[in-house]
Amino acid sequence: MKFATVLIQGSPRVAQIDGDRPTRLLAPEFSSVADIALAGTEHIVWSNEVIPAGEMTVVAPIPLPRRNIFCVGKNYRDHVREFAGSGFDASAADTAVPDYPIIFSKVPECVIAHHDKIMFDPAVSSAIDYEGEFAVIIGKGGRRIAKQDALAHVWGYTIVNDVTARDVQSRMKQWHVGKSFDTFCPMGPWAVTADEIDLGDTLIRTWVNGELRQDANTRDLIFDVPTIIETLSAGITLYPGDVIATGTPAGVGIGFKPPKYLVHGDVVTISISGLGTLENRVEAIG
Ligand code: MG
């Protein structure tokens, strides 16, 4: 099933999506997809309200996650190679596949919705990059989750754009700030329950202004979803509604020579099979 978080007269609600249209509302106690992840899809409560025509705004499925979004770096071989070739920093010179997942995070407040604007201040960064990513939404929480049990803890999936200020990322040697600017986590357009997605064969494609830049498959992940969950939960309790972006494939702006960073007016479109299409325009602000 697909679910979107929507605003109806300013109130957050959750709607089931059929095709690309909201068809039924959940009861008002469900105000975000995170509430379904917490309750379990089998415990959702439907509303009898009729969907109001033309009065609904689709927002991010989890507009304000309860804590940072976990992200995996360098999780596709081709991306490891392009990053190494970019001369980005000392760590990037290493073309070897990482021995362990590289995990960082983005602040919750940087989440925006499908069609919201990715905004950046050119005085702060002139190297804005896109990263189309397949993202996991945790259902049942837990600590020390074994790989073989991990998928039972996944509620569903969505799309995330791990927008990054490459110059800030490089300057600080640490990724948190350059990946957490306001508006730097487009998410959505909705979320899909785990049963609808084949982790062994899901296409991820990203376009900038219609030019195909990323074209990959989740089967090419270096560290798969169960491994990521086992690694994270070894010492950190995972909670329902936690979001984990699994890493970006090759084809980011910094991988080109010269780099193709985002500029004012660019449109980034990410499609993942079964998850829909997430599109955001870039706007420079002063
Ligand atoms: Mg990323």
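Since the structure is predicted, the reported quantities are computational estimates derived from the model, not experimental observations. In listed order, ligands and their atoms are each counted from 1.
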Just give me the atom name: the N, O or S atom of [X] closest to the Mg ion (ligand 1).
X	result
Asp162	OD2
Glu133	OE2
Glu131	OE1

Once you measure the plane-to-plane angle for Trp155 and Phe3, does it fall in the parallel (<30°), tilted (30-60°) or perpendicular (>60°) bin?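 Answer is tilted, since the angle falls between 30° and 60°.
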Asn209 atom CG, over 12 foreign heavy atoms within 6.0 Å: yes
Taking C-beta and beyond as the side chain, do Thr164 and Glu131 meet within less than 4.5 Å on heavy atoms? yes
Regarding Ser271 and Thr277, is there a side-chain donor-to-acceptor distance under 3.5 Å anywhere? yes
